[in-house]
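The analysis underlying the following values was restricted to heavy atoms, covering all of them including side chains, and did not include hydrogens, waters or symmetry mates. Please read these numbers as outputs of a predicted model, since none were measured by experiment.
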Amino acid sequence: MTDSPLPVAYDSDSDSFASAYSTLSWFSKHHPLRRPGSITDPILLGIECHPDLEPSDMERLTFGILNEYLQPSSCTSPTDAAWQLHDGFPFSHPHVDGEESPECLLEEFWDLMFRLAQQIPHNHPSQQRFVQLIIALRDLPVDTKVFIGSDTHHLWHDLPMLGFAMGTWMNRIPTDDILIDNNTRQRWHSYNSFVARLVRDGVYVGLPSAALSCVSILCSALEDEPDSRSKAYKNYGPELDVFVPIAADWILLAGKEVYSLSVANYSVGFYGNRGKNFKGPVGFSVARWNFWKRRFEAISNHHNVKDETKLHAKRALEAMHTVDQSSTSGALRVL
């Protein structure tokens, strides 16, 4: 735990930010991320609560635990940190009633988790350490029951409300902000990297929201190439430079799982999207997987993108070929 003042990210003079969606957009533009210079430097994290609200006692306690645990210098094990989170959660003890409902407290708990995850660089070791903590929390040998609506859930085995919070976060950053604001782009990349790691490591509680995030970013990166004669084509290279590295991360981190979803024709429901250049269904499919491969190959040789973008596309393509080879040998597991 840290004894330093909590870096609360809100503006007490502002009353114009009524939603979490606008809160993130506002914060991205007015509070640049303070990225560490190297993987051994401290990560400067903030609670980033709603601009009109003070952090709750649970947020302060949870933030202190996570802020210590996620630092490169931390020696706290995932299991020890998970027990600290459990002991500090009001409904973790069967005979202690809280003022708020378990649904509200869990929504607040997971929302803070995702607020912190999108502040950690997408390729920083603390991203994986964060995932290990959630797995350790899920695997704690406790069986406290909480009631959400008409359903009974188990702390922490069911990771209740994680999927809901994931879906809420997925909708917080509009595409336009990702294209024009580097701070927002970094946050979105970190969010996607975190979710891809959760899927890869078997945390499937939020799979519908995670799958929708995956399809959305791959769609944005690979399925909307404009006609080369159009005015829109002039902006296409910079758009690829934004979206392709994030899409490639999904493949590099969770390519096997993306392929398994494709083989299973996993549906992303009503909210699924599809680019104009792909004519198949909006969910996962082998046809879409193969289309993404062709697009990564084309982008790896595209004349109007940065060399770094080409490299991301090439690595993603190689990873997809590796997954294809594993599938023919029967080495892949099915979700």
Side-chain angles (χ1 to χ4, degrees), residues 167 170-171 173-179 188-189 192 195-196 199 206-306 309-328 332 334-335:
M170 188 191 69
N171 295 313
I173 308 180
T175 300
D176 288 347
D177 279 7
I178 299 172
L179 290 172
W188 190 231
H189 197 161
N192 276 277
V195 173
V199 172
L207 186 58
S209 296
L212 189 55
S213 292
C214 176
V215 163
S216 296
I217 193 64
L218 285 162
C219 172
S220 297
L222 305 174
E223 297 181 357
D224 271 324
E225 181 177 17
D227 189 294
S228 60
R229 298 165 294 181
S230 68
K231 292 182 180 180
Y233 193 76
K234 295 180 181 179
N235 298 321
Y236 185 54
E239 290 182 9
L240 290 176
D241 292 332
V242 169
F243 289 115
V244 167
I246 307 176
D249 256 13
W250 262 103
I251 300 300
L252 293 170
L253 290 168
K256 292 180 180 179
E257 288 69 28
V258 174
Y259 180 81
S260 293
L261 292 171
S262 300
V263 171
N265 293 314
Y266 188 85
S267 172
V268 291
F270 176 78
Y271 295 101
N273 54 347
R274 176 185 60 199
K276 64 183 180 182
N277 298 131
F278 178 69
K279 307 303 180 184
V282 296
F284 290 84
S285 66
V286 173
R288 202 171 194 181
W289 169 269
N290 290 329
F291 179 87
W292 291 336
K293 274 195 304 185
R294 293 193 296 271
R295 292 297 300 133
F296 274 127
E297 183 174 15
I299 293 168
S300 69
N301 296 295
H302 201 284
H303 66 281
N304 201 26
V305 300
K306 296 177 180 178
T309 303
K310 294 179 182 179
L311 182 59
H312 282 295
K314 181 180 179 181
R315 288 174 175 169
L317 177 64
E318 292 171 348
M320 294 179 86
H321 284 316
T322 299
V323 171
D324 285 338
Q325 292 169 4
S326 297
S327 69
T328 59
L332 288 183
V334 179
L335 295 185

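The shortest non-hydrogen separation linking A211 to Y266 is CB-CE2, 3.6 Å. Closest heavy-atom contact between E225 and N277: N-OD1, 2.6 Å. What you find for F284 and L261 is that their closest heavy atoms are CB-O, 3.4 Å. Contact detail for A319 and I251: the closest heavy-atom pair is CB-CG2, 3.9 Å. Between V268 and V282, the shortest heavy-atom distance links the atoms CG2-O, 3.7 Å. Nearest approach of S300 to K314, heavy atoms of both residues: CB-N, 4.0 Å.
Between I299 and the options L317, V244, N304, a side-chain contact (heavy atoms from CB on, under 4.5 Å) holds for only V244.
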Residue pair F278, R295: steps toward the side chain to side chain contact (heavy atoms under 4.5 Å, CB included) verdict: CA-CA 11 Å; F278 178 69; R295 292 297 300 133; over 6 Å; no

Residue pair W289, D324: steps toward the side chain to side chain contact (heavy atoms under 4.5 Å, CB included) verdict: CA-CA 10 Å; W289 169 269; D324 285 338; 3.0 Å; yes

Evaluation steps, side chain to side chain contact (heavy atoms under 4.5 Å, CB included), between F243 and L179: CA-CA 9 Å; F243 289 115; L179 290 172; 3.5 Å; yes

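Side-chain polar atoms of W188 and D177 form no donor-acceptor pair below 3.5 angstrom.
With a 6.0 Å radius and a threshold of 12 heavy atoms from other residues, nucleotides or ligands, K310 has its NZ atom above the threshold.
The structure places CZ of R274 at 11.0 Å from CG of D224, a figure rounded to the nearest 0.5 Å. Put simply, SG on C219 and NZ on K276 are 11.5 Å apart, with the number rounded to the nearest 0.5 Å. Here I246 contributes atom CD1 and C214 contributes atom SG; the two are 12.5 Å apart, rounded to the nearest 0.5 Å. Between the NE2 atom of H321 and the CD atom of E297 there is a distance of 6.0 Å, given to the nearest 0.5 Å. One distance of note links CG of N192 with CG of L218; it measures 9.0 Å at 0.5 Å rounding. The CD atom of E223 sits 5.5 Å away from atom CZ of F291, with the distance rounded to the nearest 0.5 Å.
The shortest distance between side-chain heavy atoms of R288 and V215 falls below 4.5 Å.
Here the side chain of K256 pairs no donor or acceptor atom with the backbone of V323 at under 3.5 angstrom.
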